[in-house]
Amino acid sequence: MLAGLALVCTGLVVLGIGETAAQQQPRRKAPPPVAKEAPRSGETTVKREQQPGARESVEADVSARTVAVTSSFNGTEIVIFGAIDGSQQPSAESGYYDVIVVVEGVPSRLVVRRKGNVAGLWLNTASATFDNVPSYYAVASTRPIDEIAPEDFRALHGIGLKHLKYTPAVGQRHPLSSEDIKEYRDAIMRLKRRDGLYLDRPYGVIFTGKSIFRASIVLPANVTVGPFDTRVLLFRDEKLLSRFSVRLTLEREGLERYLHAFAYRLPVLYGIVTVMIAVGAGLLASTIFRKASH
Amino acid sequence: MQLYLPVAEMSANVFIFLAMGGAVGFLSGMFGVGGGFLMTPLLIFAGIPSVVAVGTETAQILASSVSGALAQWRRRNVDVKMGVILLSGGLVGSGIGVEMVKVLRRVGVFDVFVAACYVTFLGVIGTLMMIESTNAIRKTRAGRVVSGRRSGQHNWVHGLPLKMRFNRSKLYISAIPPLLLGFFVGLLAAIMGVGGGFIMVPAMIYLLRMPTNVVVGTSLFQIVFLTAATTVLHASQNYNVDVVLAVILMAGGVIGAQFGTVAGERLKGEQLRFLLAAFILAVCARFAWQLIAPPSEFYSLAGGI
């Protein structure tokens, strides 16, 4: 049966479904990004910014710029490593510099539903829609971020789970009080944290030499595919010295990608092929077992 | 071995779902039922989104019904005319059901709706079966012979217009009851991810008064076409058929069914029905608990619309 499936997929490659998959929206769960632009091929994935007057500058990269979501995808760990050019630090342990690493998925629209009791049954009775909810957000640092950077800086740049800028969308189905909004916001945070999609690692960035550091971040299996913005910020005494950003992309690959593209782009044909597989499997099974029983 | 399910969009352990398919296949082989009404709840309990569970299970029911339908066809146990009438109603029901799934899902009440449907149907059927099989077991113990009843009496079904002759079933009845029955079963198939045999078979026997030898064949005949159409409709309207998951379940199901059939031959009919009723009531209770127990988390997230 699996062989049959593979055969079908090979057929799809020939049909050219694979090629169209790249232009397709990565996932139905991630509508076009609201605040940011999606990356286009050819666009630079690396951006650096030097603070005036700072002697040090930071450079970083991720262990894999492109992560493939294949049929065996079960989450992955990416390593962000970087180096400080012109490091004044005497040793790795001196704590002279602070580094914050932020990995952020595409911001998109999200519906939060709340259960209520109706005649003894628990039903989804209320909901709220939020915009600019990052599909994924991880922040790692050399020590707790409130010790590294001032509050107003973190708020301005959206650093730390506390400063995620998701907001209620205009035109809600149910009217929202400010109390409701707070509860829904908290729910998003709680659920995303539970699913490993929002995380903070206050001691997740480790200096392994006087100028080099690394952080490892887990992307769980349920992460939304698409581009991830990775920012690396270098601090000294609550002052930003330098920053660097690099883009990481999670892409569907292989069989998984063809099947997903097939199911969403040619749903009728996909349904028919599924029916054919089912009928084939049923007939095959009855043939095999009839022979076996005689 | 973990495998990423392309439509359910989650990583799943192949062996767990193979085993699940095998277990339900075993039960369906043993009891001679399709197994959809056990498999769909199990998939939901295992964390597959309700919508995907329903769509995918439809494809699996098709696979497990094909060989049975073919065997019945060879033995000429299919009343094609009756099957086609049932199917015409069924296709309309399935079309409406698939649309209902779409709307209920958008509003965010599909999970609860499915759970409520299961509680209702499994509760009623499980209870009836439990009573019937307990009585049968008691009667057998008392030494009386249990005879399958089949009265020739006419019921209200025979008073309806649009009468048609069904030669294979030796019936001359109105086309309205089979059309309505087909419609109802089609609706259930699309919403609950079942084949509907558990409604169809008793209804054919007690309502339409079809001879028992064509009941199973005709039911399987219409299930094959109904689930095939429902699979395509679900795939195209709700994008909820996961072909990878379906193949895993099919593989487990066909193997399990072979062993189930052997095991089923060793047990008596009324004992089998008693066991099946117990299974049905257990699944029903699990769903009921989900509806009435205070949830540990009151909020849930869904993609933007």
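Values in this document were obtained by computation on a predicted structure and should not be read as measured data. In the text below, chain A, chain B and the rest are named by the order of the sequence lines, each starting its count at 1.
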Leu123(A) vs Val109(B), side chain to side chain contact (heavy atoms under 4.5 Å, CB included): CA-CA, chis, key distance, verdict: CA-CA 7 Å; Leu123(A) 315 173; Val109(B) 295; 5.7 Å; no

Chain A heavy atoms under 4.5 Å from [X]: which part of the residue, side chain, backbone, both or neither?
X         : value
Val66(B)  : side chain
Ala293(B) : backbone
Val112(B) : side chain
Ser300(B) : both

Measuring from [X]:[atom1] to [Y]:[atom2], what's the distance to the nearest 0.5 Å?
X         : Y         : atom1 : atom2 : value
Glu297(B) : Arg190(A) : CD    : CZ    : 4.0 Å
Thr125(A) : Phe298(B) : OG1   : CZ    : 10.0 Å
Asn74(A)  : Leu3(B)   : CG    : CG    : 10.5 Å
Thr287(A) : Leu70(B)  : OG1   : CG    : 9.0 Å
Leu269(A) : Ser236(B) : CG    : OG    : 11.5 Å

For [X], is the [atom1] atom crowded, meaning more than 12 foreign heavy atoms sit under 6.0 Å from it?
X         : atom1 : value
Phe45(B)  : CZ    : yes
Arg76(B)  : CZ    : no
Trp122(A) : CH2   : yes

Residue selection (most heavy-atom pairs with chain A, distance under 4.5 Å) from [options]:
options                                   : value
Ala246(B), Pro294(B), Ser64(B), Ala228(B) : Pro294(B)
Asp242(B), Leu291(B), Ile61(B)            : Leu291(B)
Gly55(B), Ala235(B), Ala63(B)             : Ala63(B)

Within the 4.5 Å heavy-atom criterion, are [X] and [Y] side-chain neighbours or not?
X         : Y         : answer
Leu121(A) : Ile292(B) : yes
Val275(A) : Leu62(B)  : yes
His260(A) : Tyr4(B)   : no

Work out which heavy atom in Ala59(B) is nearest to a heavy atom in Thr274(A); give both atom names and the distance.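 In this case the closest contact between Ala59(B) and Thr274(A) is CB-CG2, 3.9 Å.
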
Kindly give the heavy-atom pair with the smallest separation between Arg105(B) and Arg113(A), and that separation in Å.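 The pair with the smallest heavy-atom distance is O-NH2, 4.2 Å.
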
Option passing side chain to side chain contact (heavy atoms under 4.5 Å, CB included) with Leu259(A) (candidates Val244(B), Val7(B), Leu5(B)):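 Running side chain to side chain contact (heavy atoms under 4.5 Å, CB included) over Val244(B), Val7(B), Leu5(B) with Leu259(A) returns exactly one hit, Val244(B).
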
Interface residue of largest heavy-atom contact number with chain B, from Asp195(A), Val279(A), Leu283(A), under 4.5 Å: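 When all of Asp195(A), Val279(A), Leu283(A) are compared, Val279(A) has the most.
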
Of Tyr270(A), Tyr264(A), Phe262(A), which is the lone residue that meets ring pair (Phe, Tyr, Trp, His ring centres under 6.0 Å) with Tyr239(B)?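 Answer to the ring pair (Phe, Tyr, Trp, His ring centres under 6.0 Å) test with Tyr239(B) among Tyr270(A), Tyr264(A), Phe262(A): Tyr264(A).
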
